Amino acid sequence: SHTYAKTGTFTATLTVRDSEGYTSQDSLFVTVTANEPPVALAGPDRSAKVAEPVAFDGSGSYDPDGGSVACTWNFGDGSPAVSGATASHSYAAPGTYTVRLRVVDAVGSAAEDTAVVTVRLPPIHVGDIAMTSAWLSGSYVRATGSVLVVGEDGLPVAGAQVSASWSGAVSQAQTAVTDSAGRARFVSPSIKGGGTFRLTVTQAAKSGLEYDAAANVESSDAVTRTKK
């Protein structure tokens, strides 16, 4: 066995000698090439919710020399590294994490590739705003708005604090908390003679959840009452 220290083409010669001192030789050429490092492919960037499993696939990684590669994943959140071409991991907190895939070939050459995972809290949004109005004594009018807050699955979210503002005939900012049906009730100041009462949701918040205003079915609604 022999290991060559540099690249090139070498002549290896075998000499044999018998007991009477006669010899014979044969030669062959040995071409030594440089080892090419492996190629690591961690896959595309990803997004997920907190506690949602994220699948990783590095099976596209390869050794240009034709050998096998060993893969190790580092998920960027301080958790232990995981070996294998594929892996699954979930994150306990929202944030942006850089995942590193390290691949090593048979002779110890290594390469890395990264992917970014953006982790967010489960979202909530406004699913509906129901508006009503009523005449009070003395020709005063008051409006009521019922705001429905739902999760990504469309189910009502109880205990969310909703901020909203009245505009139009009246002006006032208010907050209310959703009930077991996911609805927060807002009552406007009353005004004589009526008018158009508009309610606009500005925020919805609950611990462990994230308000996604872009997903709102509606963010504002109005009701008009001018004649009794």
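Residue numbers run from 1 in the order of the sequence given. This one's a predicted model, so the numbers in the text were calculated from it and none came from an experiment.
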Item to check | By ring pair (Phe, Tyr, Trp, His ring centres under 6.0 Å) - contacts of H89 (at least two apart) | outcome: F75, Y91
Whether [X] side chain and [Y] backbone form a donor-acceptor pair below 3.5 Å:
{"X": "T202", "Y": "S163", "result": "yes"}
{"X": "R225", "Y": "S133", "result": "yes"}
{"X": "W73", "Y": "G84", "result": "yes"}
{"X": "R198", "Y": "S167", "result": "no"}
{"X": "N216", "Y": "V126", "result": "yes"}
{"X": "S61", "Y": "A40", "result": "no"}
{"X": "E218", "Y": "I129", "result": "yes"}
{"X": "Q174", "Y": "V187", "result": "yes"}

Item to check | For L199 against G145, the heavy-atom pair lying closest together | outcome: CD2-CA, 3.9 Å
Checklist entry - Between S27 and T13, does a side-chain hydrogen bond (donor to acceptor under 3.5 Å, both in side chains) hold up when you go through it step by step? => result CA-CA 4 Å; S27 300; T13 302; 3.1 Å; yes
Checklist entry - Out of curiosity, does I124 fall in the hydrophobic cluster containing L121 (side-chain heavy atoms, cut-off under 4.5 Å, transitive links)? => result no
Checklist outcome for this item: From the list V150, L148, V162, side chain to side chain contact (heavy atoms under 4.5 Å, CB included) partner of T178 resolves to V162
Checklist entry - Is the number of heavy atoms from other residues, nucleotides or ligands under 6.0 Å of R120 CZ greater than 12? => result yes
Checklist entry - With a cut-off of 6.0 Å (strictly less than), are more than 12 heavy atoms of other residues, nucleotides or ligands near OH of Y140? => result no
Checklist entry - Less than 4.0 Å between a side-chain N and a carboxylate O, is that true for D113 and R102? => result no
